Amino acid sequence: MLEKLKQEVYQANMELPKRNLVTYTWGNVSGIDRESGLFVIKPSGVSYEDLKPEDLVVVDLDGNVVEGDLNPSSDTETHRLLYKAFPEIGGVVHTHSPYAVAWAQAGRDIPAYGTTHADYFHGPIPCARDLTQEEIDSGYEASTGEVIIEAFEERNINPVHVPAVICHSHGPFTWGKDAAQAVYHAVVLEEVAKMAILTEQVNPRAAQAPVRIQEKHFLRKHGPNAYYGQKGAN
């Protein structure tokens, strides 16, 4: 079942240690087949050295395991709710990459200090709020998804234009049109998180890049008249 998607999600998962985004098993990638409404996700606690495509677990959008002998990632409920809330996305990544986690532990949005950030994210990367005790007790992973969705709805942020979030006291989630792009955004997120920390070390009073510069860089790659890259390239 979904063998091609399993291979794609497997390869995306294997990019995480390759890109130094995970330590031990601190991360997971999923990808969804929108036609069937099924998504494929890494099994819980399986090391990347031991992971095989056939280990991946198939889950439906109601949270039922459809195929797989292993338990799906403990973050499955978060992935599931993001797929339901953001129909444009095709892949989700969660890591504990250190620079993004630093901002999450500080409870701060990642400011848009420069053009590298603006090339990929339309404005600051939001930090979703802490969970209440009631939310933790009622279903921690589902509540994590709900506060991410809440942050985007309350701030009127387009999840396609800002394909990342950091969860207060926790860490980052990223997404994209497929699992590979979600990993790409996880790599970029970690780099811009690092750059933002270095910026504040150099100048603790640094201001975000002027909006006109942010808009130019975002729109030249993602706007209706985008001209970055080659025609026909993905």
Side-chain angles (χ1 to χ4, degrees), residues 12 15-16 19-21 29 82 85-129 147-168 170-234:
E15 281 290 303
L16 298 186
R19 301 293 178 179
N20 297 315
L21 291 180
V29 183
L82 293 178
F86 303 154
E88 307 93 340
I89 70 175
V92 176
V93 174
H94 174 52
T95 76
H96 289 256
S97 57
Y99 289 101
V101 166
W103 287 95
Q105 292 181 168
R108 290 183 58 191
D109 294 357
I110 302 176
Y113 281 130
T115 61
T116 309
H117 181 124
D119 278 338
Y120 296 94
F121 305 106
H122 196 209
I125 296 161
C127 181
R129 64 172 175 82
V147 299
I148 293 171
I149 296 161
E150 172 191 288
F152 277 72
E153 289 179 346
E154 288 188 349
R155 304 194 204 188
N156 196 30
I157 299 171
N158 184 334
V160 175
H161 293 170
V162 183
V165 69
I166 51 176
C167 295
H168 200 306
H170 187 180
F173 285 83
T174 60
W175 46 82
K177 65 182 180 181
D178 53 26
Q181 190 183 62
V183 172
Y184 186 93
H185 289 151
V187 174
V188 176
L189 170 64
E190 181 67 357
E191 287 299 309
V192 299
K194 178 180 179 180
M195 291 175 184
I197 288 172
L198 293 173
T199 298
E200 294 197 357
Q201 289 177 348
V202 173
N203 179 7
R205 296 178 297 279
Q208 294 192 69
V211 172
R212 61 186 180 276
I213 297 296
Q214 293 186 47
E215 289 292 302
K216 176 62 178 179
H217 272 259
F218 184 81
L219 293 174
R220 74 174 187 165
K221 293 190 77 168
H222 308 285
N225 299 311
Y227 58 88
Y228 178 89
Q230 301 303 315
K231 290 183 179 180
N234 291 326

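Every value quoted in this text rests on a predicted model; they were computed, and no experiment measured them. Numbers here are sequence positions counted from 1. The figures here come from the full heavy-atom set of this structure, side chains too, leaving out hydrogens, waters and symmetry mates.
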Please answer whether the main-chain N or O of Ala182 pairs with a side-chain N or O of Thr174 as donor and acceptor at a distance below 3.5 Å. yes

Report yes if the side chains of Met195 and Tyr113 come closer than 4.5 Å at any heavy-atom pair, otherwise no. no

Please enumerate all residues that pass side-chain hydrogen bond (donor to acceptor under 3.5 Å, both in side chains) together with Arg19, with sequence neighbours excluded. Glu15

Mind checking salt bridge (Lys or Arg N to Asp or Glu O under 4.0 Å) for Asp178 and listing every partner two or more places apart, or none if nothing turns up? none

Distance-only, no hydrogens or angles: does the Glu88 side chain make a donor-acceptor pair with backbone N or O of Lys177 under 3.5 Å? no

Between His185 and Val162 (side chain of the first, backbone of the second, donor and acceptor by atom type, cut-off under 3.5 Å), is there such a pair? no

Approximate separation, where rounding is to 0.5 Å, of Thr115 OG1 and Lys216 NZ: 12.5 Å

Are the charged groups of Glu200 and Arg108 less than 4.0 angstrom apart, N to O? yes

Which heavy atom of Pro159 sits nearest to which heavy atom of Phe86, and what is that distance? CG-CD2, 3.6 Å

Any sub-3.5 Å donor-acceptor pair from Asn203's side-chain atoms to Arg205's backbone N or O? yes

Rounded to the nearest 0.5 angstrom, the CD1-CZ distance for Ile148 and Phe173 is 5.0 Å

Tell me if a side-chain donor or acceptor on Gln181 pairs with a main-chain N or O of Gly91 at a distance below 3.5 Å. no

Partner residues of Tyr120 under the side-chain contact (heavy atoms from CB on, under 4.5 Å) criterion, sequence neighbours left out: Tyr184, Val188, Lys221

Suppose we screen for side-chain hydrogen bond (donor to acceptor under 3.5 Å, both in side chains). Which residues come up paired with Glu191, at least two apart in sequence or across chains? none

How long is the straight-line distance from CG of Leu21 back to OH of Tyr99, given to the nearest 0.5 Å? 12.5 Å

Between the main-chain N or O of Ala112 and the side-chain N or O of Gln208, is there a donor-acceptor pair closer than 3.5 Å? yes

Expected output: side-chain His94 to main-chain Val29 donor-acceptor under 3.5 Å: no

Looking only at heavy atoms, what is the nearest atom pair of Ala128 and Val147, with distance? CB-O, 3.8 Å

Separation of Arg155 CZ from Glu150 CD (nearest 0.5 Å): 10.0 Å

Do you know the tightest heavy-atom contact between Val92 and Ile89? CG2-CD1, 3.8 Å

Could you pull out the closest heavy-atom pair between Ile166 and Ala104, with the gap in Å? CD1-N, 3.7 Å

Which atom pair, heavy atoms only, marks the closest approach of Phe121 to Pro163? CD2-CD, 3.5 Å

With a 4.5 Å heavy-atom cut-off, do Cys127 and Trp103 have their side chains touching? no

How far apart are the closest heavy atoms of Ala179 and Ala12, and which atoms are they? CB-CB, 3.7 Å

Heavy-atom check, side chain of His96 versus side chain of His170, under 4.5 Å: yes

Atom pair CG/CD of Asp119 and Gln214 - distance to nearest 0.5 Å: 11.0 Å

Using the test salt bridge (Lys or Arg N to Asp or Glu O under 4.0 Å), find all partners of Glu215 that sit at least two apart in sequence or belong to another chain. none

Ignoring hydrogens and geometry, is there a side-chain-to-backbone donor-acceptor pair from His117 to Gly123 under 3.5 Å? yes

Across all chains, not counting sequence neighbours, the side-chain hydrogen bond (donor to acceptor under 3.5 Å, both in side chains) partners of Thr95 are Ser97

